[in-house]
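Everything numeric in this text was worked out from a predicted model, so none of it was measured. Start at 1 with the first residue, then count along the sequence.
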Amino acid sequence: MPRPAPAPATADLEGHGPRVGDDMTVEVALAVMASARVEYLTVCDGDNRSTALITLARLAGLRDSSTYTDRIRLRDLLDAPLASPALSC
């Protein structure tokens with residue numbers, strides 16, 4: 001059975017797609033991405049507002065780095081807000 005192609009990160013600019021809390025660990029985020037077959041997640045803060053997109057490539061690169069620990073959370077990686085951060089989760 002053919003697998004669907006992963007969704008590109010640009011598909012979420014309107015707030016659609018997998019949304020997760022910023023307290024999620026990198027390992028859990030990678031598992032969610034694998035399960036959903038996507039290349040990005042929309043990260044939401046404690047107020048349920050979209051704050052950033054995080055890509056599979058970025059998380060995989062971090063996991064493979066010497067600085068990686070299993071305690072790193074998505075909020076530790078955020079540095080690029082979404083074009084429209086007022087989207088609700």
Review item, side-chain donor-acceptor pairs of residues 25-33, under 3.5 Å, at least two apart:
unit_1	atom_1	unit_2	atom_2	d
Thr25	OG1	Val28	N	3.3
Glu27	OE2	Tyr68	OH	2.9

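A search for side chain to side chain donor-acceptor pair (under 3.5 Å) contacts involving Thr69 returns nothing, not counting sequence neighbours. Residues satisfying the salt bridge (charged side-chain N to carboxylate O under 4.0 Å, His left out) test with Arg63, not counting sequence neighbours, are none.
Going from atom CG of Leu41 over to atom OG1 of Thr55 covers 9.5 Å, rounded to the nearest 0.5 Å. The CG atom of Asp22 sits 11.0 Å away from atom OG of Ser50, with the distance rounded to the nearest 0.5 Å. Atom CZ of residue Arg58 and atom CG of residue Leu74 lie 9.5 Å apart, to the nearest 0.5 angstrom. Separating the CG atom in Leu53 from the CZ atom in Arg19 is a distance of 9.5 Å, to the nearest 0.5 Å.
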Test log, rule side-chain contact (heavy atoms from CB on, under 4.5 Å), inputs Leu77 and Ile72: CA-CA 8 Å; Leu77 308 176; Ile72 296 175; 4.0 Å; yes
Thr67 vs Leu62, side-chain contact (heavy atoms from CB on, under 4.5 Å): CA-CA, chis, key distance, verdict: CA-CA 8 Å; Thr67 60; Leu62 173 65; 4.2 Å; yes
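For the residue pair Ala52 and Leu78, the shortest heavy atom distance occurs at CB-CD2, 3.5 Å.
A donor-acceptor distance shorter than 3.5 angstrom exists from the side chain of Asp76 to the backbone of Arg73, with no hydrogens or angles considered. Using a distance-only test at 3.5 Å, with no hydrogens or angles considered, a donor-acceptor pair links the side chain of Asp45 to the main chain of Asp47.
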